[in-house]
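Below: the structure, in structure tokens.
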Amino acid sequence: MSMPFYVSPEQLMKDRADFARKGISRGRSVVVLAYDGGILFATENPSRALHKISEIYDRIAFAAVGKYNEFENLRVAGVRYADLRGYSYDRTDVTARGLANAYAQTLGTVFTTESKPLEVELVVAEVGATAAADQLYRLSYDGSVADEHGYVVMGGQADRLTARVRDAWHEGMDLPAVLRLAVTTLGAVGPDGAVVAEGSEREIPATGLEVAVLERSRPRRAFRRWQGEALADLLARGDD
């Protein structure tokens, strides 16, 4: 009788984590930045149909990197969670914190019990009445949650790109300024996936970007996409 193959729990979790990180690192980065009027989301995405940034509820949005089919299923589940909670209780009972906790449970359960973890990393953001009331939550493939402040970078080379954003971002920046910072950060990753030197960033045209904001001043539904000529004009204002 042959002995069953044994892998220690520590090695199994490490292998799953390495597998998920490799999948996430192959995806294009997403940059999330707070500005004086709300929260900006930006990523390099030439597709007009396969979105990585989406509205979840009135003042809540979602951004993701990794495998599209996996994070799209999570997005749909988040919309259902928000709609059901808002209908059963009150619209104000739907919060980014509650949604982040629900996602954390799903990601953690899959990571520990399924044969393959989800190759995704998420940001759930909620714009508040004031900048101090804004909420940013970053969720990893294993269900861990981080409460972020001001900015988040996900995807390939996230650590090095986060260092760039940390040096350049400050509270009170306007929308054109944070968009320019986001595009410069996305362009810092070269075709080979390596981070280039400052001043050598790729120029990404408006047609190659997916940009959306949660606008603090908008009534009820705060989510707005920037695209086409409006996005090109906003980029030009950031270059001034």
Side-chain angles (χ1 to χ4, degrees), residues 24-25 27-46 51-54 61-65 96 121-128 130-138 146-191 193-218 222-240:
I24 293 167
S25 67
R28 292 190 175 102
S29 298
V30 172
V31 180
V32 184
L33 299 169
Y35 67 100
D36 57 359
I39 302 171
L40 169 95
F41 305 79
T43 184
E44 188 175 359
N45 183 11
H51 295 306
K52 300 170 69 174
I53 303 164
S54 300
F62 163 104
V65 293
E121 194 169 7
L122 315 176
V123 162
V124 177
E126 179 178 358
V127 65
T130 64
D134 291 347
Q135 298 180 42
L136 276 175
Y137 298 101
R138 178 177 181 171
D147 183 5
E148 304 286 356
H149 300 279
Y151 53 85
V152 179
V153 181
M154 304 184 297
Q157 302 289 352
D159 291 341
R160 296 181 64 184
L161 295 181
T162 297
R164 284 195 175 202
V165 172
R166 185 185 302 115
D167 293 338
W169 180 88
H170 60 83
E171 293 184 3
M173 295 177 72
D174 61 12
L175 180 55
V178 292
L179 177 58
R180 172 45 53 190
L181 173 57
V183 174
T184 301
T185 302
L186 295 171
V189 179
V195 176
V196 300
E198 291 193 32
S200 303
E201 295 88 356
R202 292 180 295 119
E203 282 293 331
I204 306 174
T207 53
L209 293 168
E210 181 183 357
V211 177
V213 295
L214 287 172
E215 289 186 355
R216 201 182 322 282
S217 61
R218 287 173 70 91
F223 187 83
R224 175 187 178 186
R225 291 193 182 277
W226 284 85
Q227 50 193 351
E229 292 185 3
L231 177 57
D233 290 343
L234 187 61
L235 280 169
R237 286 163 52 192
D239 291 332
D240 294 341

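For residues 196-211, every residue pair satisfying the side-chain hydrogen bond (donor to acceptor under 3.5 Å, both in side chains) rule, not counting sequence neighbours, is listed here: E44-R202, N45-E210, H51-E210, R164-E201, E210-R225. Legend: side-chain hydrogen bond (donor to acceptor under 3.5 Å, both in side chains) pairs involving residues 173-187, not counting sequence neighbours, sorted by first then second residue: R180-D239.
Every residue meeting the salt bridge (Lys or Arg N to Asp or Glu O under 4.0 Å) condition with E121, not counting sequence neighbours, appears here in chain and number order: R138. Among residues two or more places apart in sequence or in another chain, the side chain to side chain contact (heavy atoms under 4.5 Å, CB included) test is passed with R224 by V213, E215, R218, W226. With sequence neighbours excluded, the residues that form a side chain to side chain contact (heavy atoms under 4.5 Å, CB included) with D147 are Y137, H149. Listed by chain and residue number, F41, L214, F223 satisfy the side chain to side chain contact (heavy atoms under 4.5 Å, CB included) test with A61 (two or more places apart in sequence, or in another chain). Scored by the side chain to side chain donor-acceptor pair (under 3.5 Å) test, R216 finds D134 as partners (sequence neighbours excluded). With sequence neighbours excluded, the residues satisfying side chain to side chain contact (heavy atoms under 4.5 Å, CB included) with T162 are Y151, V153, R166.
Of all the heavy atoms in G187 and I204, the pair that sits closest is N-CD1, 3.8 Å. G156 and L161 get closest at one heavy-atom pair: O-CD1, 3.9 Å. Closest approach of P46 and R28 over heavy atoms only: CD-NH1, 4.1 Å. Minimum interatomic distance between V127 and G38 (heavy atoms only, all atoms of both residues): CG2-CA, 4.0 Å. Closest approach of V65 to S29, counting heavy atoms only: CG1-C, 4.3 Å. Taking every heavy atom of both residues into account, V211 and A42 meet most closely at CG2-CB, 4.2 Å.
Note that CD1 of I39 is 12.5 Å distant from CG of L175, once rounded to the nearest 0.5 Å.
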Item to complete: Please assess L181 against L33 for the test side-chain contact (heavy atoms from CB on, under 4.5 Å), listing each intermediate value before the final yes or no.
Response: CA-CA 9 Å; L181 173 57; L33 299 169; 4.1 Å; yes
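Using a 4.5 Å cut-off on side-chain heavy atoms (C-beta onward), L231 and L179 make contact.
No donor-acceptor pair under 3.5 Å is formed between the side chain of W169 and the backbone N or O of V178. Checked by atom type and distance alone, the side chain of E126 pairs as donor or acceptor with a backbone atom of A96 at under 3.5 Å.
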